[in-house]
Peer 1: 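Pasting a structure here, questions to come.
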Amino acid sequence: MSEAAKPENERRKFRAIKGTRDILPPDSALWNWFEKTARSVMESYNFGEIRTPIFEETELFARSIGGETDIVAKEMFSFEDRASGRLAELKDIIVLRTSKSSAGLRAFIAEAAEFIELATESSRRRDIPSVDEEKIDALRSNVAALEKASHQQLVDHEFVRMLSNAIRAVVYITALGTFTTLRPEATASVVRAYIEHGMHTRPGDQKLYYVGPMFRRERPQKGRYRQFCQIGAEVLGASDAPAIDAELIQMLTDLLERCQIEKYTLLINSIGCPDTPERKGCRPKYVELLRAKLREPEIFSKLGADSQRRVETNPLRVMDSKLPEEQGIIEKLPKISEHLCADCREHYEELKKELKLREVPFTESPRLVRGLDYYMRTTFEITSPILGAQNALCGGGRYDGLVEMLGGPKGIKGIGFALGEDRFIDAIVEAKKIHAARTVDVFIAWMGERAYPTAVRLAHVLRGEKHTVELPPEEMKFRKALERADKMGARYVLIIGEDEIASDMLTIKRLADGKQEKISEEALVDFFRPPVPTKEGPGS
């Protein structure tokens, strides 16, 4: 039975995939207001918008974020971006074929032989990634073994199953395209674009911001979704002056003020610098000191499973643990602020001076680290108690070595931040100071065939003046039109009926107080224009 032929109560109802959601009116009006406000603030600091693809090569994120991070190891949506065509078709057929008949086996052998030929040729032409010659040789040997097998061997199901599975396994792991990932964060994409387009040759620092969706395959919970929207900013250039860090942070606090989120705390820290070919960094020494301390049996045994794993892969992340039972342990661990080199200590002190100059209040947090491998020196986070336990609004930090790590020119410095729109919207709602909503300015209630052309024309005129206008597509009774306008929250109802057409005058009703008046069509546009303020002189 087709889907259309099924009874209504048996038809499948599609729902948004778990971990995603729809943002509907009127909520979307607040999202639009916030994004517009964020753009306005960032552009006032001379940041320009950059738009990057939502998917990149998986290797870009693996190299920049770090292969041992949870994001790369567990949370990325990745897939093989393979080309269509006969080779891709053969791969699917071979992997999925289950026929045990002699005809099915002959077809399987022929398909595998064709796959070997096409894969080798496509690899030579670089249409697909280079194939593993050893695996292709093993594949060729297994196919040859089936081709030369005796009748007795071919009826031996175990012999055929063993060789067939070996062929399927090699075909399955043969990459027919680059592995691609829906972006889990945007910094790596921005840096890739910076390098690819030679933006280091432009004058001065490149100040870039982005707005868009990110993707992580993590357990959905309140405020955390598999598809989520982020707003972020990056500064890339030759300078690592602390003033750059301070101005970026000040820009964030300006955004908080615009959103009237008054209860927040800016946390700052320095996580030192890594080793470079020119000099030894202070962070690797601290990391080894921290790892040695965490390995002590009386400490290690009290850590949770995630923290125990991070002792070897990324000890700094242990400092970021939110588990209540680990807090007492973390408070007693060595602090990185006590192990900074002279250059990092000077940079950190200058940052604090710059923030004080800008009258941006801050709290030093020795435990504050960033989970991604490319961060160094300045790290910061803004929290708000109005969000409850999950109180982080946004965070960021400096990543001076990332451009070079991704194949860009040496000596390029970088700093940036990212904020989750969901968290920020929740904070705005909890603060109860901003009430952004899309309102209908004018609802046109038209009655009679003669009134309709006039209604269509005036709707177009008012929309050209940037008013939001609702024009019913079908005639409505006057009382029903007023009820509809009221439910939509319209400010005015423009009434066009037989009387209005006959008198060449329009009726405007203000729904807030029911006040109603007649105006000419020529006066309609001016009626909705705000009054121009007049300057009053002394003694007036």
Side-chain angles (χ1 to χ4, degrees), residues 17 19-20 50-82 128-130 173 175-197 199-200 206 208-220 224-236 271 274 306 309-310 312-314 316-317 320 369-376 379 392 394-409 412-422:
I17 292 173
T20 66
I50 182 171
R51 302 189 183 195
T52 62
I54 64 169
F55 52 87
E56 303 268 6
E57 287 188 44
T58 302
E59 183 65 16
L60 173 67
F61 300 114
R63 284 175 61 187
S64 61
I65 298 174
E68 297 297 332
T69 60
D70 287 347
I71 295 174
V72 172
K74 302 177 183 178
E75 299 173 2
M76 296 202 310
F77 280 103
S78 299
F79 57 93
E80 184 184 0
D81 183 22
R82 62 184 186 182
I128 64 172
S130 297
I173 64 173
L176 302 186
T178 56
F179 279 93
T180 304
T181 294
L182 297 177
R183 61 186 183 196
E185 56 93 43
T187 299
S189 296
V190 172
V191 172
R192 189 267 311 149
Y194 176 87
I195 297 167
E196 182 175 344
H197 299 287
M199 296 179 74
H200 64 283
Q206 297 305 297
L208 308 167
Y209 78 86
Y210 57 84
V211 179
M214 311 294 156
F215 305 85
R216 291 190 189 176
R217 198 183 66 243
E218 58 184 347
R219 182 172 63 86
R224 295 177 75 90
Y225 298 91
R226 289 182 166 186
Q227 177 180 323
F228 55 97
C229 288
Q230 276 191 348
I231 295 176
E234 319 287 346
V235 182
L236 295 156
I271 56 173
D306 280 344
R309 175 174 54 82
R310 288 166 178 163
E312 300 305 322
T313 60
N314 193 347
L316 278 178
R317 287 297 310 279
D320 200 30
V369 297
R370 304 304 300 164
L372 306 184
D373 289 357
Y374 50 66
Y375 282 107
M376 62 175 290
T379 181
C394 57
R398 180 161 284 285
Y399 49 85
D400 290 353
L402 183 58
V403 172
E404 186 177 347
M405 181 195 301
L406 295 180
I412 298 298
K413 312 297 194 299
I415 185 171
F417 73 80
L419 62 87
E421 288 194 58
D422 290 281

Peer 1: Begin from the C-alpha positions of T52 and R183 and carry the test side chain to side chain donor-acceptor pair (under 3.5 Å) through to its verdict.
Peer 2: CA-CA 10 Å; T52 62; R183 61 186 183 196; 3.2 Å; yes
Peer 1: Does R217 reach the main-chain N or O of M76 with its side chain, forming a donor-acceptor pair under 3.5 Å?
Peer 2: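 It does hold such a pair.
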Peer 1: So S189 and M214, do their side chains get closer than 4.5 Å, heavy atoms only?
Peer 2: no
Peer 1: How far apart are the closest heavy atoms of F215 and F77, and which atoms are they?
Peer 2: CB-CD1, 3.9 Å
Peer 1: Work out which heavy atom in Q230 is nearest to a heavy atom in A418; give both atom names and the distance.
Peer 2: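 That would be OE1-CB, 3.8 Å.
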Peer 1: Considering all heavy atoms of both residues, which atom of R216 and which atom of P184 are nearest to each other, and what is their separation?
Peer 2: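 Of all heavy-atom pairs spanning R216 and P184, the closest is NE-O, 3.2 Å.
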Peer 1: Rounded to the nearest 0.5 Å, what separates atom CG in L402 from atom CD1 in I195?
Peer 2: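 Spacing of CG (L402) from CD1 (I195) equals 7.5 Å.
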Peer 1: Hydrogens and angles aside, do Q227 and T20 bring a side-chain donor and acceptor to less than 3.5 Å of each other?
Peer 2: no
Peer 1: Say you draw a straight line from CD1 of I17 to OH of Y225; how long is it, rounded to the nearest 0.5 Å?
Peer 2: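 Going from the CD1 atom of I17 to the OH atom of Y225 covers 15.5 Å.
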Peer 1: For S78 and T181, which heavy atoms make the closest approach, and how far apart are they?
Peer 2: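 In terms of heavy atoms, the two residues are closest at OG-OG1, 2.6 Å.
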Peer 1: Please lay out, stage by stage, how E234 and Q206 fare under the test side chain to side chain contact (heavy atoms under 4.5 Å, CB included).
Peer 2: CA-CA 8 Å; E234 319 287 346; Q206 297 305 297; over 6 Å; no
Peer 1: Determine whether a donor-acceptor pair (N or O, by modelled atom type, separation under 3.5 Å) exists between the side chain of E57 and the backbone of E59.
Peer 2: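 Not a single qualifying donor-acceptor pair exists.
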Peer 1: Can you sort out the partners of Y209 under ring-ring contact (aromatic ring centres under 6.0 Å, His included), two or more places apart, ordered by chain and number?
Peer 2: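 Partners of Y209 under the ring-ring contact (aromatic ring centres under 6.0 Å, His included) test: none.
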Peer 1: Rounded to the nearest 0.5 Å, what's the gap from CZ on R309 to CG on N314? Could you check?
Peer 2: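 Spacing of CZ (R309) from CG (N314) equals 9.5 Å.
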Peer 1: Please test Y399 against L236 for side chain to side chain contact (heavy atoms under 4.5 Å, CB included), starting from the C-alpha separation and ending with a verdict.
Peer 2: CA-CA 10 Å; Y399 49 85; L236 295 156; 3.8 Å; yes
Peer 1: So do the side chains of L406 and L60 get within less than 4.5 Å of each other, counting heavy atoms only?
Peer 2: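 Result yes, sub-4.5 Å side-chain heavy-atom pair found.
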Peer 1: Can you see which heavy atom on G401 is nearest to which on M376, and at what distance?
Peer 2: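 Smallest interatomic distance, heavy atoms only, reads N-SD, 4.4 Å.
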Peer 1: Applying side-chain hydrogen bond (donor to acceptor under 3.5 Å, both in side chains), can you list everything that pairs with T180, at least two apart in sequence or on another chain?
Peer 2: none
Peer 1: Would you give the length of the straight line joining atom CD1 of I412 to atom CE of M405, rounded to the nearest 0.5 angstrom?
Peer 2: 15.0 Å
Peer 1: Are the side chains of E421 and V211 in contact, using a 4.5 Å heavy-atom criterion?
Peer 2: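 In short, these two side chains touch, coming nearer than 4.5 Å.
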Peer 1: Relative to each other, are the rings of H200 and Y194 parallel, tilted or perpendicular (30° and 60° limits)?
Peer 2: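 Rings of H200 and Y194: tilted, as their planes differ by 30° to 60°.
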Peer 1: Mind listing the closest non-hydrogen atom pair of D422 and C229 along with its distance?
Peer 2: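 Looking at all heavy atoms of both residues, the shortest contact is OD2-N, 4.3 Å.
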Peer 1: What do you reckon, is CZ of F55 surrounded by more than 12 foreign heavy atoms closer than 6.0 Å?
Peer 2: no
